[in-house]
Amino acid sequence: MSEHPADSSENRLRATVAGALTFVSFGLLAGLVLWIADFKTGAEATESGQFTPAQIEKRDGNLKEVVSAQDSLFDQKKVEASMASFSASSAKASSMIVPGSETDLKNIAGNAAKAAAEKAAAAKNSEDPLVPAQTAPAPESKPKKSNEGKAKGGKAAGAQQSK
């Protein structure tokens, strides 16, 4: 990194303090605006009497209308029938295996036993179980004769070339 003449611990401290003061000043400014405007939530305004009785009655009427409209769309008999049919259906076994469940632990134990059996069988067949058994190559995979001895210009095989 290159050194910058204005980069010092004092300048970094000034920038940090300026950022903190800016952050705090926005909070104080927002609080001052809310205090001057005497902002209240709907419940606080109702309790303090900021709404007139006519406004309160209108709000209550709107609330009753909305609740009745929602209740008319909700049919309790349909809900009970669907819940009864849902609870009457038999539970089906899941094909998903949960890690740490009994099924998962049984599968892990079975896999470990299978791996131990394969390792024991390999140990019986091989002298060293860590080295895989060597097999003879298949007849069609015999190595081809190389063309090392043949050089351009008809030079004899094995003759050294000088540079």
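Please read these numbers as outputs of a predicted model, since none were measured by experiment.
Around CD of E102, the count of heavy atoms belonging to other residues, nucleotides or ligands within 6.0 Å does not exceed 12. Heavy-atom contacts from other residues, nucleotides or ligands closer than 6.0 Å to CD of E65 number 12 or fewer.
Residues passing the side chain to side chain contact (heavy atoms under 4.5 Å, CB included) test with V33, sequence neighbours excluded: none. Residues satisfying the side chain to side chain contact (heavy atoms under 4.5 Å, CB included) criterion with L32, sequence neighbours excluded, are W35, I36. Residues passing the side chain to side chain contact (heavy atoms under 4.5 Å, CB included) test with N111: none are found, sequence neighbours excluded. Checked against side chain to side chain contact (heavy atoms under 4.5 Å, CB included), Q70 has the following partners two or more places apart in sequence or in another chain: V66.
Atom-to-atom distance recorded for Q55:CD and R59:CZ is 8.5 Å, nearest 0.5 angstrom. Rounding to the nearest 0.5 Å gives a distance of 11.0 Å between OG of S101 and CE of M96.
Here L73 sits alone; no ILVMFWY side chain lies under 4.5 Å from its own, so it joins no hydrophobic cluster.
Residue D104 comes nearest to I97 through the heavy atom pair CB-CG2, 3.7 Å, listed as atom of the first residue, atom of the second, then distance.
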Atom pairs and distances, side-chain donor-acceptor, residues 9-30, under 3.5 Å, sequence neighbours left out:
residue: E10; atom: OE2; partner: R14; partner atom: NH2; Å: 2.5
residue: N11; atom: ND2; partner: A6; partner atom: O; Å: 2.5
residue: R12; atom: NE; partner: D7; partner atom: OD1; Å: 3.0
residue: R12; atom: NH2; partner: D7; partner atom: OD1; Å: 3.2
residue: R12; atom: NH2; partner: D7; partner atom: OD2; Å: 3.0
residue: T16; atom: OG1; partner: R12; partner atom: O; Å: 2.9
residue: T22; atom: OG1; partner: A18; partner atom: O; Å: 2.8
residue: S25; atom: OG; partner: L21; partner atom: O; Å: 3.2
residue: S25; atom: OG; partner: T22; partner atom: O; Å: 2.8

